Amino acid sequence: MHCMSGHSNFVSCVCIIPPSDLYPRGLIATGGNDHNICIFTVDNPAPLYVLKGHKNTVCSLSSGKFGTLLSGSWDTTAKVWLNDRCMMTLQGHTAAIWAVKILPEQGLMLTGSADKTIKLWKAGRCERTFAGHEDCVRGLAILSEMEFLSCANDASVRRWQISGECLQVYYGHTNYIYSISVFPRCKDFVTTGEDRSLRIWKQGECAQTIRLPAQSVWCCCVLDNGDIVVGASDGIIRVFTESLERTASAEEIQAFENELAQASIDPKTGDLGDINADDLPGREHLKDPGTRDGQTRLIKDNGKVEAYQWSVSEGRWIKIGDVVGSSGATQQTSGKVLFEGKEYDYVFTIDVNENGPSYKLPYNITDDPWLTAYNFLQKNDLNPMFLDQVAKFIMDNTKGQTLLSTSNQFSDPFTGAGRYVPGSSSGSSAIPGADPFTGAGRYVPGSASNTVPPVGGVDPFTGMDAYQSAAAKVENIYFPKKDAVTFDQANPTQILGKLKELNCSAAEEHKLTEDDLIILEKLLSATCNTSTETPTAQQLQTLWRAVNWPEDIVFPALDILRLSVRHPTVNENFCSEKEHVQFIILLLKFLNPKGKQANQLLALRALCNCFVSHAGQKLMMEQRDEIMTQAIETKSGSNKNIHIALATLTLNYAVCLHKVNNVEGKAQCLSVISTVMEVVQDLEAIFRLLVALGTLISDDTNAVQLAKSLGVDSQIKKYASVSEPAKVKECCRFVLNLL
């Protein structure tokens, strides 16, 4: 055994990374208050490497397949790491991320936050937000591919479906729940929290409560053999087992019970209900057996209040501590008491009869005691004859009480201070616009087929002739793709005709003169290779005026821009350091999902065509994050041409990224491919996404591992059996061979 060190401040979370070919004994990851994650081998006290990138304490870690690691931080972000690289950052929470979990089969990720929400992430994008907890979410545990559990500072556990539905809420703890862990091969689980307890849940009920001689039980973990490990605020790790072979010696068990008996229980935690020492029975009360495992009973012995817990397995009452500060009437304490996730001034324990169960009665001093008593009897199906008695009990025990301010008495190991006060979150959605283009014989942007000149044999992107695969062994002619795919097809006569038609109805401030129209005709001629002239500055200035037309009439000008930007002179002009800011702002404006689909389509195609020259490639790579983030929003529509253009943009990025070692760029591109694959149905768009995927992961083991961890292989398997076009099936099989 040895001590590992590498952090400059306290360690807040630990995670095991499973064994791999490179590290057959696995790795250990630790997150710290120094904002770093240290990765250790089992046999070396110094870190193998340190992951830097978070801007605040790293407080949660989860490992997945193929070496992936998910981290959550006080900086409100989660990060996905592959080996020693940050592959993507998950942004969306508005407060610290306390809990993270990877669902390994589907490439899904979960984050739980102090903003009271849980988010589900797919390929780096938030798919769903789970709302229901009333305070900070502290822990997550996976039940199956379709269900998970969460625990929170609201003293509740919730069971969720991945689809978003909350299936069940479990109550039992009387204070914050810090940690949750599931038993292997079943849906039973354990929880620990601020009420000095470890609770074991079976078939949805709290089957056993184990008290500990420490107020805060920070963490729990169920081992593969079913043993339960807990860590508490007294700095001790304890292991509990059902196995007789592994049970501690009688001396160790007695030492634990002695430690428990000597513990001091502060009544202000509310764990034992409100206590009036004058009303408590003496030691003779312990002669009667308990009615359930974990039942607590308070007695008064020589002026002291002692707490006992019933053990069904041993058939006896075990002392769990002395209750301090309980000589007063009731809740003369600072702060409120949590009950079923809500705060109350008082939570009384009511024993209706000696042999029956105890009932909790929550009460706020602003409540009506009679109405509270009535609701209490109704809820617990008790005889209405007790109404006067219960109401009088409430009034007698709340006389003259004043509420003081809450003190941050307990120190949280994650914050190092008092309780975390969460913020709030909000979301928005966008609605795609309708397609304005219908009917035949009209000018429809991009209505002609889009072809790519063949390079070194048959190019599978060409739509002019049917693509036929060879009967012999198929050669991978699809990827890695070396050159950008462009949108070249056009009918200049139709484009100019539409431009002139719309110019007639344009407002005076937007109208082009006859000379302007002639200038644009010459530009179109120069850039479509029908003349040998070089585009002039005057032509480009006129085009810039045209593309700044109102959205409802701009599309023919955008089509001229789409064709012109392929020319080196135009590409250099619009993509240069001097002009590129306005150029990108213009095109991104047209990618708004609420805008016209014709404009979305032509803006995407213009962006694709920027890749033909060095200046355009440089600009597209510099602005990659913003462009891809905006472009992916166009997936929400049903226009197949837009989907093909979006897939082509992704492919052109893949071509560039294949040539450089840009890990975050590849991660973003893989994320876009995975996300768009979910919604796109057109097989040409699917084919281009497959080529993009193959290009990205070719000759890059890190990219292969990340693609696997995102579940891309399971996403694309269905395309391996597509009969027509054959290129989809063949390309898919080549990609699956790499994965």
Side-chain angles (χ1 to χ4, degrees), residues 1-2 4 11-31 39-43 60-71 99-110 112 138-151 157 159 162 170 177-193 197-210 212 217-232 236-249 252-253 256 313 708-709:
M1 190 174 80
H2 55 257
M4 298 172 175
V11 176
S12 20
C13 52
V14 182
C15 172
I16 299 298
I17 299 175
S20 62
D21 292 340
L22 191 56
Y23 302 105
R25 297 180 66 190
L27 296 169
I28 299 168
T30 59
I39 308 295
F40 297 90
T41 56
V42 178
D43 48 10
S60 51
L61 293 168
S62 176
S63 62
K65 288 184 171 181
F66 315 109
T68 50
L69 182 70
L70 177 62
S71 61
V100 294
K101 274 286 184 255
I102 295 177
L103 286 85
E105 300 310 316
Q106 315 99 303
L108 298 173
M109 298 175 181
L110 288 167
R138 298 299 290 257
L140 295 167
I142 307 302
L143 285 174
S144 67
E145 289 185 24
M146 301 306 297
E147 292 184 16
F148 68 92
L149 297 166
S150 61
C151 65
V157 174
R159 180 163 65 96
I162 292 296
Y170 308 91
I177 306 176
Y178 293 129
S179 182
I180 185 165
S181 184
V182 177
F183 282 99
R185 296 171 294 281
C186 71
K187 293 193 175 183
D188 297 337
F189 59 94
V190 300
T191 53
T192 57
S197 74
L198 156 69
R199 295 179 193 248
I200 299 165
W201 304 77
K202 296 187 176 179
Q203 282 85 50
E205 299 289 335
C206 182
Q208 187 179 0
T209 301
I210 299 172
L212 281 94
V217 190
W218 294 122
C219 52
C220 61
C221 175
V222 179
L223 304 181
D224 290 339
N225 62 8
D227 289 356
I228 303 165
V229 184
V230 297
I236 297 175
I237 298 170
R238 297 177 175 88
V239 184
F240 296 89
T241 185
E242 288 183 316
S243 166
L244 294 175
E245 293 80 28
R246 293 192 296 276
T247 301
S249 66
E252 287 176 301
I253 292 173
F256 172 71
S313 60
K708 283 181 178 179
S709 70

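As the structure is a prediction and not an experimental result, all values here were calculated from the model.
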Straight-line distance of Ile236 CD1 to Phe256 CZ, nearest 0.5 Å
9.5 Å
Any donor-acceptor pair under 3.5 Å linking the side chain of Thr241 with the backbone of Asp227?
no
Measuring from atom CZ of Phe240 to atom OG1 of Thr247, what distance do you get when rounded to the nearest 0.5 angstrom?
11.5 Å
Side chain to side chain contact (heavy atoms under 4.5 Å, CB included) between Ile16 and Ile28: does it pass, once the steps are laid out?
CA-CA 5 Å; Ile16 299 298; Ile28 299 168; 3.9 Å; yes
Do Ser249 and Glu252 pair up side chain to side chain, a donor and an acceptor below 3.5 Å, judged on atom types alone?
yes
Students often mix this up, so state it plainly: with edges at 30° and 60°, are the rings of Tyr178 and Trp218 parallel, tilted or perpendicular?
tilted
Calculate, to the nearest 0.5 Å, the distance between atoms CG and NE2 belonging to Asp43 and His2 respectively.
6.5 Å
side-chain hydrogen bond (donor to acceptor under 3.5 Å, both in side chains) partners for Thr30, two or more places apart:
His7
Min side-chain heavy-atom separation Ile162-Leu103 under 4.5 Å:
yes
So CG of Leu149 and CD1 of Ile180: to nearest 0.5 Å the spacing works out to 4.5 Å
Could you state the interatomic distance from CD1 (Ile177) to OG1 (Thr191), rounded to the nearest 0.5 Å?
5.5 Å
Atom pair CD1/OG of Ile17 and Ser62 - distance to nearest 0.5 Å:
10.0 Å
So, using side-chain contact (heavy atoms from CB on, under 4.5 Å) as the criterion, who are the partners of Val229 when residues are at least two apart?
Leu223, Ile237, Val239
Is there a donor-acceptor pair closer than 3.5 Å between any side-chain N or O of Ser197 and the backbone N or O of Arg199?
no
Report yes if the side chains of Cys15 and Leu69 come closer than 4.5 Å at any heavy-atom pair, otherwise no.
yes
Taking Asp188 for the side chain and Val182 for the main chain, is one N or O donor matched with an acceptor at less than 3.5 Å?
no
Could you tell me whether the side chain of Arg159 reaches within less than 4.5 Å of the side chain of Glu147, counting heavy atoms only?
yes
Answer whether the closest heavy-atom distance between the side chains of Ile228 and Phe183 falls below 4.5 Å.
yes
